[in-house]
Number of protein chains: 2
Amino acid sequence: MAAVRRPTVRDIARHAGVSVATVSRVTSDDPRVRAETRARVQASIDAHGYTPSSLGLGLARRRHQALGVVLPGLGGPYFAELLRGVESVAAAHDTAVTVLGAHLRPDVAGAVERLARRTDALVVQAGTVDDAVLAAVADEVAVVVLAGSPQHPTTVRTDGESACRDVTAHLVDVHGHRRLRFVGLPPGAPEPAQRHRGFRRALSERGLVESGPPLSVGLEAVDGAAAARDLRASGDVPDALVCANDEIAFGLLATLPGLGYDVPHDVAIVGFDDNALAALAAPRLTTVHQPTAELGATAARLALAAASGEEEPTTDHVLPTRTVVRESCGCSPAPGARR
Amino acid sequence: MAAVRRPTVRDIARHAGVSVATVSRVTSDDPRVRAETRARVQASIDAHGYTPSSLGLGLARRRHQALGVVLPGLGGPYFAELLRGVESVAAAHDTAVTVLGAHLRPDVAGAVERLARRTDALVVQAGTVDDAVLAAVADEVAVVVLAGSPQHPTTVRTDGESACRDVTAHLVDVHGHRRLRFVGLPPGAPEPAQRHRGFRRALSERGLVESGPPLSVGLEAVDGAAAARDLRASGDVPDALVCANDEIAFGLLATLPGLGYDVPHDVAIVGFDDNALAALAAPRLTTVHQPTAELGATAARLALAAASGEEEPTTDHVLPTRTVVRESCGCSPAPGARR
DNA sequence: GTGAAAGCGCTAACAA
DNA sequence: TTGTTAGCGCTTTCAC
């Protein structure tokens, strides 16, 4: 802990025999300083190990040099990957990343408001915070909503509905499944809802309806495992299960065989996200690839741009997805696929 | 983005007909304000939607109200869980959490130094930052090292060596395995190294040696998958594999069957961490349970305490672990274990 | 090219 | 109980 007081501009100024203004010019790379003076100042800076206080600097410049990220939880491969994307662009902008796990907080609204007050921009996962709070906060900081809907000003997302429509279509058209169910639909989360819509659209386009309500409300592997048990208990296992994300699919994949159901023979399974484990599962998971880190990076980029006044018009950025066919849907291993 | 200037103490003071000091007293819950005055000030505060600037406040109080967390990457269940622990404590202290993914950064040392300058305390995963940097930074902020070794002042960890010694012993003593290998030993990471030591200790105590060098250097599921392929290629699959963490074990679990090796019949596998998927894998993973969130929470608690001057003596906090026997080691399902 | 001085928004002695 | 007044550490006009 700090025993010695950190040197300030004034210390350096005195030591170098210049004014604080000059020191400030040196630390902020202002060109109008004579090379000789600059060298002398720099020497003092080095000698004292001086670095500007972020608080003083922030106050004077009215800038926090920080980006806030609000996610439901901090767990799971999806959000980790998202955060990675955010971090990479933040690092490039010399900006700190401050995180907030919304689902861990008793008072999300308050926490977000406080976060807004110590950052220049916010990247918020849709469904974690009331839109009213978001709106209130939006005139203090730039806000970019991940997976947001049209009512949000700036959004970054993928088209989960079409993507999920496509994998579902694969299940019906290629494998001839007729009895399909959706797994994972937590209330208030827009992305699973979107995917569920795509699922139903694919079915109705083919004259089918979902053969039962969505199973399970969570988005984690344990929820998939629970869904598997419920299914067995109900005695009614459908032809195929379309999951809101890969983790749920892993839970199913890990549990169904022990319950006596072979995947994909007895029941086909598809996921969503294409996380690192998808290609490792047994059978390998057919899923929708999302550019997860890209989503985070794009959001961060937009947020930071908006924060530095590049007041761009309201925009909706849709990143591309792609169906990745492996074996959990019933397809045979592609020739050359490593196992 | 901010169109209107945010109100300041002075605005509120003027509007409420009091001095800035009184406003400050109200916002910081100072008791020496008459109830009546307080009410009037509070009314102005509410009317203007005033909230103290964190920058001004921080500068005056010389406190950031922020905690920095340095982890290798932000990915994976382990670090997510750790972060969850940190967040919960930080939230209780009304403190923001600023994260840094060390392995994503080209200039870790610089990044950590900058982070130190905008936080009151740092929780650092051992092996992510040079000890020299840590030492340099330690007289600016409180530093707590996760999984650190004795040369660090304050550390929070589990006894990975003993824990790994114990699971390894189980494999040898209960299942009679003699040819065992360790998987996952990235250079510079102290925890896997510790576990590897425990592994070797268990063996040597029983007159055995590891039947080959540690496999794979990564700590992720893909690394386990790669290790499985290497093993097959070498044609020499041992009796049992002891993994540095659960993720590696999942990679093995997912890949070995496809290669023609049954787990645990042909090869036993044990992991480390006991993450959420461990009880879901097929077969369920025998592993060492770590109180991961607790580790983060404890570290955060210590860091914050140190930051608020409770200059406690150098301490080494060791949290308990426990071997969780499931079926991947070859044991039969415990009666009553849900599958 | 350099310096003096006025803030940025807040807290904390000290006085009253 | 309340107000006055220095700062906290930095940037940034505006003179020189």
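As the structure is a computational prediction, the values presented were derived from the model and not from experiment. First the proteins, then the strands, lettered A, B, ... as listed; each starts at 1. For the numbers below, each heavy atom of this structure counts, side chains included, while hydrogens, waters and symmetry mates do not.
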Considering only residues two or more places apart or on different chains, which pairs with a residue in residues 64-79 of chain B satisfy side-chain hydrogen bond (donor to acceptor under 3.5 Å, both in side chains)?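 Passing the test, one end in residues 64-79 of chain B: B:Q65-B:T95.
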Practice task
Only pairs at least two apart or in different chains count here, so list each side-chain hydrogen bond (donor to acceptor under 3.5 Å, both in side chains) that has a residue in residues 49-60 of chain A.
Solution key: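 Matches after skipping sequence neighbours: A:T51-B:R117.
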Taking N or O atoms only and anything under 3.5 Å, show me the protein contacts with nucleotides 11-13 of chain D, one pair per line.
unit_1: D:dT11; atom_1: OP2; unit_2: A:S24; atom_2: OG; d: 2.7
unit_1: D:dT11; atom_1: O5'; unit_2: A:S24; atom_2: OG; d: 3.4

Restricting to non-hydrogen atoms, name the atom on A:V141 and the atom on A:T119 that form the minimum distance, rounded to 0.1 Å.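 That closest heavy-atom pairing would be CG1-O, 3.2 Å.
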Considering only residues two or more places apart or on different chains, which pairs with a residue in [range] satisfy salt bridge (Lys or Arg N to Asp or Glu O under 4.0 Å)?
range                      : value
residues 86-112 of chain A : A:E87-B:R105, A:D94-B:R114, A:R105-B:E87
residues 40-49 of chain B  : none
residues 64-83 of chain A  : A:E81-A:R84

Legend entry - First and last nucleotide of DNA chain C, 5' to 3', lying under 4.0 Å from heavy atoms of chain B: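 Range of nucleotides within reach of chain B: C:dG9 to C:dA13.
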| Interface with DNA chain C, restricted to residues 33-45 of chain A and to heavy atoms under 4.0 Å |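 Under 4.0 Å from DNA chain C: A:V33, A:R34, A:T37.
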Using whole Å, report how far [atom1] of [X] lies from [atom2] of [N].
X     : N      : atom1 : atom2 : result
A:D11 : D:dG9  : CG    : C1'   : 10 Å
B:R62 : D:dC10 : CZ    : P     : 12 Å
A:R6  : D:dG9  : CZ    : C1'   : 9 Å

- Task: Report yes if a side-chain nitrogen or oxygen of B:S19 is closer than 4.0 Å to either non-bridging phosphate oxygen (OP1 or OP2) of D:dG3; otherwise report no.
- Result: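 Yes.
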Keeping the roles fixed (side chain from B:T315, backbone from B:H317), state whether a donor-acceptor pair exists under 3.5 Å.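 The answer is no, because no donor-acceptor pair under 3.5 Å joins these two groups.
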| said: So does A:V20 get a backbone contact from the side chain of A:S24, meaning a donor-acceptor N/O pair under 3.5 Å? | reply: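 Not at all, since once roles are kept as given, no pair shorter than 3.5 Å links the two residues.
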- Closest-nucleotide ordering on DNA chain C, the 5'-leading residue of A:P31 and B:L59: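 Checking each residue's closest nucleotide, the 5'-ward one belongs to A:P31.
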Any pair with a residue in residues 5-29 of chain A that passes ring-ring contact (aromatic ring centres under 6.0 Å, His included), sequence neighbours left out, goes on the list, sorted by first then second residue, please.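 Sorted pair list: A:H15-A:H48.
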Between the first and last five pairs of the helix from C:dG1-D:dC16 to C:dA16-D:dT1, the angle of the axes, rounded to 10 degrees
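For the helix from C:dG1-D:dC16 to C:dA16-D:dT1, the axes at opposite ends meet at about 40°.
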Acceptor/donor pairs from residues 127-135 of chain B side chains to any protein atom, 3.5 angstrom cut, sequence neighbours excluded:
unit_1: B:T128; atom_1: OG1; unit_2: B:Q125; atom_2: O; d: 2.6
unit_1: B:D131; atom_1: OD1; unit_2: B:H152; atom_2: NE2; d: 2.8
unit_1: B:D131; atom_1: OD2; unit_2: B:Q151; atom_2: NE2; d: 3.0

Measuring only between side-chain heavy atoms, which start at C-beta, is A:L304 closer than 4.5 Å to A:D120?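 SC-SC contact between A:L304 and A:D120 ruled out.
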(message) Just so I know, are the side chains of B:L71 and B:V99 near enough to count as touching, which here means a heavy-atom distance under 4.5 Å?
(response)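 No - every pair of side-chain heavy atoms lies 4.5 Å or more apart.
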Q: Taking side-chain hydrogen bond (donor to acceptor under 3.5 Å, both in side chains) as the test, write out the residues that go with B:R157, two or more places apart.
A: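 side-chain hydrogen bond (donor to acceptor under 3.5 Å, both in side chains) check on B:R157 returns B:D316.
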| B:G17 vs B:R10, nearer the 5' end of DNA chain D by closest nucleotide |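 Final value for this comparison: B:G17.
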